[in-house]
Amino acid sequence: MTAAVGPSCALPDTPLAGAVPGIMTCVHCGFCLQACPTYLALGDENDSPRGRILLMRSLVEGTLGIDDPDVHTHIDQCLGCRGCETACPSGVPYGHLLEATRATLAMARPLPLVARMVLRVFERPRLLAALLAGARLLRVTRLPRLLARLPGRIGFSMAMLASTEARVTRRPYTQRGSGARGRTAILEGCVMRGLYAETNRATGRTLRANDYDVIDVEGQRCCGALHAHAGDLEGARRLARINVAAFERSGADYIAVNAAGCGAMMKEYGDLLAGDPEWADRAAAVSARVRDASELLADAGPARGAPLPIEVTYDAPCHLLHAQRLVRPPLAVLGAIPGLEIIQLTDSDQCCGAAGIYNLLEPEVSGLVLAPKLANIAATGAELVATGNPGCQMQIGAGMLRTRTGRGTVHPIDLLDASYSRAERSHG
Ligand code: SF4
Ligand code: SF4
C-alpha cells in the first residue's frame with residue numbers, strides 16, 4: 001500500500017502533507033506500544049503510536065476527514081512525550097508527525113478556548129509576567145497548600161503552584177571559575193523566570209563555578225514549545241525568530257537551557273524555520289549552540305561540592321530523555337554531590353502526564369498517567385524527586401502533595417547549587 005503524496009494527497013499544502021515520508025517509515029511492528037503511556041492507561045490501539053500513525057495515514061489518503069471527531073480525540077490524547085521515538089527501530093520522527101497533524105487538524109477545528117488563551121498569554125511577556133507575579137504572591141500566602149486538598153482542577157492547580165516552593169535552602173556564593181569554557185547565555189524561560197527564578201540563578205552560579213562565562217541576554221522570549229506541541233506552528237515560529245535574533249546578538253558560544261521542553265524546542269529551531277529562507281540558516285546556527293545546562297556541567301566534570309545527606313530519586317523528563325536523548329548529564333550533576341543517596345525509580349523513562357498544557361486540557365488521562373508514577377515514587381521512599389523540567393516538577397510535585405508522598409520535587413541543579421553553597425560556607 002502506498003500513501004497518497006503530492007497532487008493525489010487528500011490534504012495538499014498542509015503540514016501533514018509534508019509529514020508523509022515520516023508516516024511511511026512506520027512498519028507497524030508495535031515495538032512502541034509498551035512505551036506509550038496513553039496506550040498503557042487506556043488500552044486502546046487508537047491511543048497508541050501505531051494507531052495514531054494509522055490515523056494520520058488515513059487522513060492523507062482521504063479515508064478519514066480532518067473534521068472526524070474520533071481522530072481529534074485520539075490525537076488530542078497523545079502526550080507528545082516521544083517515548084515511542086526511542087522505542088522505534090525504524091526511526092519514525094513521531095514528534096514532528098504529531099505537530100504536523102495537530103497543525104492540520106486545527107484548520108478544521110480551532111484549539112479549545114483555554115488552550116488559545118494560554119498560548120496567547122505566553123506570547124505577551126508583560127501580561128505573563130504580571131500573572132506569574134500574582135501567582136508568586138498567592139504562593140507566599142501558603143493558601144495554595146491548603147486549597148490543594150480541593151477536588152478536581154482547582155485543587156490540582158493549587159497543588160501545582162504550592163509545589164513550586166523551594167525545597168532546598170542555600171546562600172549565594174562567590175563563583176571562582178575561570179570563564180575559560182566559553183561565553184554562555186541562559187534561556188530564562190517563562191515558568192522558570194516566573195516561578196523558579198532561584199533555579200535560574202543556581203544555573204548561572206553552578207556554570208560559573210565550572211568555568212563558564214555566563215552573560216545576560218536581553219530581548220529573549222518564551223521558546224514556543226507549548227505552541228508547537230499544541231499545533232500552533234505559526235505562533236512557535238514567531239517566538240523562535242525573536243529568540244534567534246536575541247541569541248545571535250549575544251555572541252554566546254552556548255545557550256544553556258535548564259527546562260527540558262524548552263531545550264528540545266530550541267534545538268529544533270532549525271527544523272521549525274527550515275521553510276523560511278531568511279531565517280533557516282540563522283535558526284540552525286542558534287540551534288547548534290543550544291545545550292541542556294546539565295550537558296555543560298557534565299562536560300566540565302562537574303566540580304564536586306560539599307556533602308548533602310538527602311535521599312533522592314531521579315525522574316527523566318521526556319524531552320530530555322526521548323527528544324534530546326540525554327541520559328548521563330543529569331546523573332553526572334547528581335553524582336557530583338557527595339552524600340546524596342540516589343534511589344532508582346522504576347519506569348523513570350515513562351511520562352508523568354504533564355506534557356506542556358496537556359494536564360489542563362486532558363486532566364483525566366493526565367491523572368491516569370500520573371498515578372503509576374506516584375506509586376513508583378512512593379515505593380522508593382525518597383524524600384525528593386529530582387527532575388529537570390518545570391512542567392514535570394509541578395505535575396509530580398502536585399501529585400506528591402495531594403497523596404502526601406515525600407517532600408516534593410527539585411531541579412538537579414538546585415541540589416548541586418546547595419552542595420556548592422555548603423562547600424563555600426564550610427571553607428569560609
Ligand atoms: S512507530 Fe516505530 S515502533 Fe511503532 S509501530 Fe511504527 S515502526 Fe513500529
Ligand atoms: S508521544 Fe507519548 S503518548 Fe504520544 S504516541 Fe508517543 S509514546 Fe504515546
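Every number for a ligand or one of its atoms is a count from 1 in the order of the listing. Positions are given from 1 along the sequence. All of these numbers come straight from a predicted model, not from anything done at the bench.
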State the atoms of ligand 1, each with its element, that fall below the 4.0 Å cut-off from a heavy-atom position in [X].
X: His28; value: 5 (S), 6 (Fe)
X: Ser90; value: 7 (S)
X: Gly30; value: 5 (S), 8 (Fe)
X: Pro89; value: 3 (S)

Could you find the nearest protein heavy atom to [atom] and give me its residue, atom name and distance?
atom: atom 3 (S) of ligand 2; result: Leu79 N, 3.4 Å
atom: atom 2 (Fe) of ligand 2; result: Cys81 SG, 2.3 Å
atom: atom 5 (S) of ligand 2; result: Arg52 NH1, 3.2 Å
atom: atom 8 (Fe) of ligand 2; result: Cys36 SG, 2.4 Å
atom: atom 4 (Fe) of ligand 1; result: Cys32 SG, 2.3 Å
atom: atom 7 (S) of ligand 1; result: Val27 N, 3.3 Å

- Go through the steps to decide whether Tyr196 and Gln393 satisfy the test side chain to side chain contact (heavy atoms under 4.5 Å, CB included), and finish with yes or no. CA-CA 10 Å; Tyr196 290 105; Gln393 276 188 252; 3.4 Å; yes
- Reference residue Leu415; test side chain to side chain contact (heavy atoms under 4.5 Å, CB included); the match among Val333, Thr206, Ile310: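 Passing option: Ile310.
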- Message: If we check side chain to side chain contact (heavy atoms under 4.5 Å, CB included) with Leu59, which of these qualifies: Asp68, Leu105, Ile23?
- Response: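 Result for side chain to side chain contact (heavy atoms under 4.5 Å, CB included) with Leu59: Leu105.
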- Check step by step if side chain to side chain contact (heavy atoms under 4.5 Å, CB included) holds for Arg102 and Cys78. CA-CA 10 Å; Arg102 285 190 168 153; Cys78 176; 3.9 Å; yes
- Side chain, backbone, both or neither: which part of Cys88 comes within less than 4.0 Å of ligand 1 when only heavy atoms are counted?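 It is both backbone and side chain that touch ligand 1.
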- Give the contacting part of Ile53 toward ligand 1: side chain, backbone, both or neither, where contact means a heavy-atom distance below 4.0 Å.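 Side chain only.
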- Task: Please test Tyr269 against Arg241 for side chain to side chain contact (heavy atoms under 4.5 Å, CB included), starting from the C-alpha separation and ending with a verdict.
- Result: CA-CA 9 Å; Tyr269 275 177; Arg241 289 186 191 100; over 6 Å; no
Can you list the ligand 2 atoms lying under 4.0 Å from a non-hydrogen atom of [X]?
X: Pro49; answer: 5 (S)
X: Arg82; answer: 1 (S), 2 (Fe)
X: Gly80; answer: 1 (S), 4 (Fe)

Among side-chain atoms of [X] and [Y], is any donor-acceptor pair under 3.5 angstrom?
X: Ser250; Y: Arg289; value: no
X: Tyr420; Y: Asn210; value: yes
X: Asp414; Y: Thr199; value: yes

- Task: Could you walk me through whether Arg291 and Asp299 pass salt bridge (Lys or Arg N to Asp or Glu O under 4.0 Å), step by step?
- Result: CA-CA 11 Å; Arg291 302 281 186 283; Asp299 284 350; 5.4 Å; no
- Item | ligand 2 versus Tyr94: contacting region, heavy-atom distance under 4.0 Å |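 Side chain only.
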- Could you pull out, from Cys29, Cys26, Gly91, Ala35, the option with a heavy atom nearest to atom 6 (Fe) of ligand 1?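 When every heavy atom of Cys29, Cys26, Gly91, Ala35 is considered, Cys26 comes closest to atom 6 (Fe) of ligand 1.
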- Dump the intermediate steps for side chain to side chain contact (heavy atoms under 4.5 Å, CB included) on Ile396 and Asp315, then the final yes or no. CA-CA 9 Å; Ile396 295 172; Asp315 190 57; 3.4 Å; yes
- Message: Can you tell me how the ring of His229 sits relative to the ring of His319, calling it parallel under 30°, perpendicular over 60° and tilted otherwise?
- Response: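 It falls in the parallel class, under 30°.
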